[in-house]
Amino acid sequence: MRKFSCNYRYLLLIAALPFIYIQMRLFATQSQYADRLADAIEAENQCTRQTRLLIDQISMQQGRILSLEEERKRQDQECRQLRALVQDLERKGLKKLVGDVQVPVAAVVVMACNRADYLDRTIKSILKYQSPVASRYPLFISQDGSDPHVKSKALSYDQLTYMQHLDYEPVHTASPGELIAYYKIARHYKWALDQLFYKHKFSRVIILEDDMEIAPDFFDYFEAGATLLDRDKSIMAISSWNDNGQRQFVHDPYVLYRSDFFPGLGWMLSRSTWDELSPKWPITYWDDWLRLKENHRGRQFIRPEVCRTYNFGEHGSSMGQFFKQYLEPIKLNDVQVDWKSMDLSYLEEDKYVEHFAELLRKTTPVHGSDAILKANNIDGDVRILYRDQSDFERIASQFGIFEEWKDGVPRTAYKGVVVFRYQTQKRIFFVGPDSLQQLGIR
């Protein structure tokens, strides 16, 4: 009986073991499920928190949008008020006054290098007439190199802006013996004009040199020229210089001409023209480069009869070339011309051809080798026909005007015609072999 009881207990123990194992597995599975459930609950809580955060951010953005909308409405209202104020000012005739203060006609730049005494004389001449219109003609001094006297002189004036071009790149001349100064000058001009047009954003620039004085009506003259430059795209630049502007060859300060020859020595160009010239600017002799037909492409230049600049620079890169004969005797205008009241529409391309042709029609033709003698005996204007460049040079030397040509064009010429005064008021016209045909004169 005892043996049977022992076996029974043993069987119960064996039967209990699978049950215990199953219970343990169930407990482990329940624990894993509980852990996963807790993780899911935590993830759901995190998602809920993020959703609430996004809702808060959206609410803040909506608030900002409403605030910006209110700001826009306020700015629109201010704009309407400003427009009404501008219209009121225009009605009161103050539109031009506002424009004069805010928008410069042109920047004025003086190109300098190493002549401090010359620069000082030039600055004083400019400031004498620029001060009342300084906001419309801001003044810049652009120095090439590091001459301390020039820099110190420029910085001693509060009425101008100083720029310095430091170029350490070696110069390789095209021909042995060439002056490197002309290469340096060309680099300096490109740098300075790039600065004024592209960095300072001026629409026009007047270029002067550090050995010039200006006339009393210099700025009024260029303001009138700016209107022409904007209106007539056949005009490449406005110049204040007449190569044949010596005292004995000029008379009327009110007269302007068109010319196929670039005069230089105080001139104004626009940004649109510089956009064209800057990428192909030459490495040297920039002024003669501008006189090539391939570069001015049929466009012309406005020049005065009486110069608005005077070049006193006997010592410089050109070593005084032609100074005594051609530069020193130049007549600087001393008349305050009211250019604002002048009708300059006759200088527009289509009108000017007829205007100039009419001047020629009124002249008396002179032939033969004794042109000066015959011209002396005629009261009115005279025209003298030349056959070619050598013939022109022969006649020009007799009168004493510039004999030089560039790319087939005599200095100051318009359609091959060079005009200057002789014996005070009389005009002498040197007329090329095909000039009359170009002007429609039979």
Side-chain angles (χ1 to χ4, degrees), residues 239 241-252 255-264 287-288 290-294 296 298-307 321-322 325-327 329-330 349 352-442:
S239 177
W241 184 259
N242 174 11
D243 282 307
N244 292 320
Q246 295 77 21
R247 295 181 189 91
Q248 66 272 29
F249 299 133
V250 299
H251 171 71
D252 192 342
V255 172
L256 306 180
Y257 294 95
R258 290 178 76 109
S259 174
D260 297 304
F261 191 98
F262 170 65
D287 48 352
D288 284 343
L290 273 178
R291 291 167 182 143
L292 297 177
K293 294 173 184 175
E294 65 189 69
H296 62 73
R299 288 167 293 183
Q300 292 161 339
F301 309 90
I302 301 298
R303 68 165 182 87
E305 177 172 316
V306 182
C307 290
Q321 183 183 26
F322 305 133
Q325 183 177 0
Y326 296 112
L327 299 181
I330 288 289
E349 184 177 25
Y352 190 75
V353 173
E354 181 55 36
H355 166 80
F356 197 74
E358 187 60 27
L359 293 178
L360 269 178
R361 289 189 186 100
K362 296 177 181 178
T363 61
T364 301
V366 168
H367 306 282
S369 58
D370 54 348
I372 291 184
L373 179 60
K374 292 178 179 177
N376 284 333
N377 295 326
I378 296 174
D379 291 334
D381 295 343
V382 172
R383 73 172 183 260
I384 302 171
L385 183 68
Y386 64 87
R387 296 184 300 273
D388 50 30
Q389 182 172 346
S390 61
D391 193 34
F392 175 91
E393 292 170 353
R394 178 186 62 80
I395 302 171
S397 67
Q398 294 177 11
F399 284 90
I401 67 166
F402 252 110
E403 303 169 28
E404 184 183 20
W405 289 36
K406 293 291 182 183
D407 201 17
V409 180
R411 282 186 180 266
T412 77
Y414 171 72
K415 296 190 182 299
V417 179
V418 172
V419 57
F420 58 95
R421 300 280 179 170
Y422 186 65
Q423 296 177 334
T424 308
Q425 297 187 35
K426 180 186 302 181
R427 272 185 284 217
I428 304 292
F429 293 82
F430 288 177
V431 180
D434 60 349
S435 297
L436 296 180
Q437 182 180 356
Q438 291 185 56
L439 291 164
I441 300 175
R442 296 182 179 179

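Quick caveat, the model's predicted, so the values are computed rather than measured. Reckoned from all heavy atoms, side chains included, excluding hydrogens, waters and symmetry mates. In this chain, numbering begins with 1 at the start of the sequence shown.
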Item to check | Glu358 atom CD: more than 12 heavy-atom contacts under 6.0 Å | outcome: yes

Next on the checklist: I need the Arg361 CZ to Arg442 CZ distance, nearest 0.5 Å.
Outcome noted: 10.5 Å

Item to check | Crowding at CZ, Arg387 (>12 non-hydrogen neighbours, <6.0 Å) | outcome: no

Item to check | Contact check, side chains of Asn244 and Gln246, non-hydrogen atoms, under 4.5 Å | outcome: yes

Item to check | Aromatic plane relationship, Tyr422 with Phe420 - under 30° parallel, 30 to 60° tilted, over 60° perpendicular | outcome: perpendicular

Next on the checklist: Can you confirm whether more than 12 heavy atoms, excluding those of Asp379, are under 6.0 Å from its CG atom?
Outcome noted: no

Next on the checklist: Which label fits Tyr326 and Phe402: parallel for a plane angle under 30°, tilted from 30 to 60°, or perpendicular past 60°?
Outcome noted: parallel

Item to check | Side chains of Val409 and Lys293 in contact at under 4.5 Å (non-hydrogen atoms) | outcome: yes

Checklist entry - Taking the side chain as C-beta and beyond, is there a heavy-atom pair between Phe301 and His296 under 4.5 Å? => result yes

Item to check | Taking every non-hydrogen atom, the tightest pair across Ile384 and Ala371 | outcome: CD1-CB, 3.7 Å

Checklist entry - Hey, does Arg291 have a side-chain heavy atom less than 4.5 Å from the side chain of Arg411? => result yes

Checklist entry - How many angstroms lie between CZ in Arg258 and OH in Tyr352, if you round to the nearest 0.5 Å? => result 8.0 Å

Checklist entry - Can you check whether Asp288 reaches Lys406 side chain to side chain, under 4.5 Å on heavy atoms? => result yes

Next on the checklist: If you compare all heavy atoms of Glu305 against all heavy atoms of Tyr257, which two are closest, and at what distance to 0.1 Å?
Outcome noted: OE1-OH, 3.5 Å

Checklist entry - Roughly how far apart are Ile401 CD1 and Ile395 CD1, rounded to 0.5 Å? => result 9.5 Å

Checklist entry - If you look at every heavy atom in Ala413 and Val418, which pair is closest and at what distance? => result CB-CG2, 3.8 Å

Next on the checklist: If you define the side chain from C-beta out and look only at heavy atoms, does anything of Arg427 sit under 4.5 Å from Thr363?
Outcome noted: no

Next on the checklist: With a 4.5 Å cut-off on side-chain heavy atoms, are Tyr414 and Leu439 touching?
Outcome noted: yes

Checklist outcome for this item: Pro263 and Ser239 have their tightest heavy-atom pair at CB-OG, 3.4 Å

Checklist entry - How long is the gap from CD on Glu354 to CG on Leu359, to the nearest 0.5 Å? => result 10.0 Å

Checklist entry - Which pair of non-hydrogen atoms, one from Lys415 and one from Ser435, has the smallest distance, and what is that distance? => result O-OG, 2.7 Å

Checklist entry - Roughly how far apart are Asp407 CG and Phe261 CZ, rounded to 0.5 Å? => result 10.0 Å

Item to check | Criterion side chain to side chain contact (heavy atoms under 4.5 Å, CB included) on Asp252 and Arg421, from CA distance to verdict | outcome: CA-CA 9 Å; Asp252 192 342; Arg421 300 280 179 170; 3.7 Å; yes

Checklist entry - Roughly how far apart are Arg394 CZ and Tyr386 OH, rounded to 0.5 Å? => result 13.0 Å

Item to check | Derivation and outcome, salt bridge (Lys or Arg N to Asp or Glu O under 4.0 Å), residues Asp381 and Lys362 | outcome: CA-CA 7 Å; Asp381 295 343; Lys362 296 177 181 178; over 6 Å; no

Checklist entry - Looking only at heavy atoms, what is the nearest atom pair of Gly380 and Lys426, with distance? => result O-CG, 3.2 Å

Item to check | Close side-chain approach of Pro410 to Phe430, heavy-atom, < 4.5 Å | outcome: no

Item to check | Evaluation steps, side chain to side chain contact (heavy atoms under 4.5 Å, CB included), between Thr364 and Arg383 | outcome: CA-CA 6 Å; Thr364 301; Arg383 73 172 183 260; over 6 Å; no

Checklist entry - Does the side chain to side chain contact (heavy atoms under 4.5 Å, CB included) test come out yes or no for Val419 and Thr412, once each step is laid out? => result CA-CA 8 Å; Val419 57; Thr412 77; over 6 Å; no

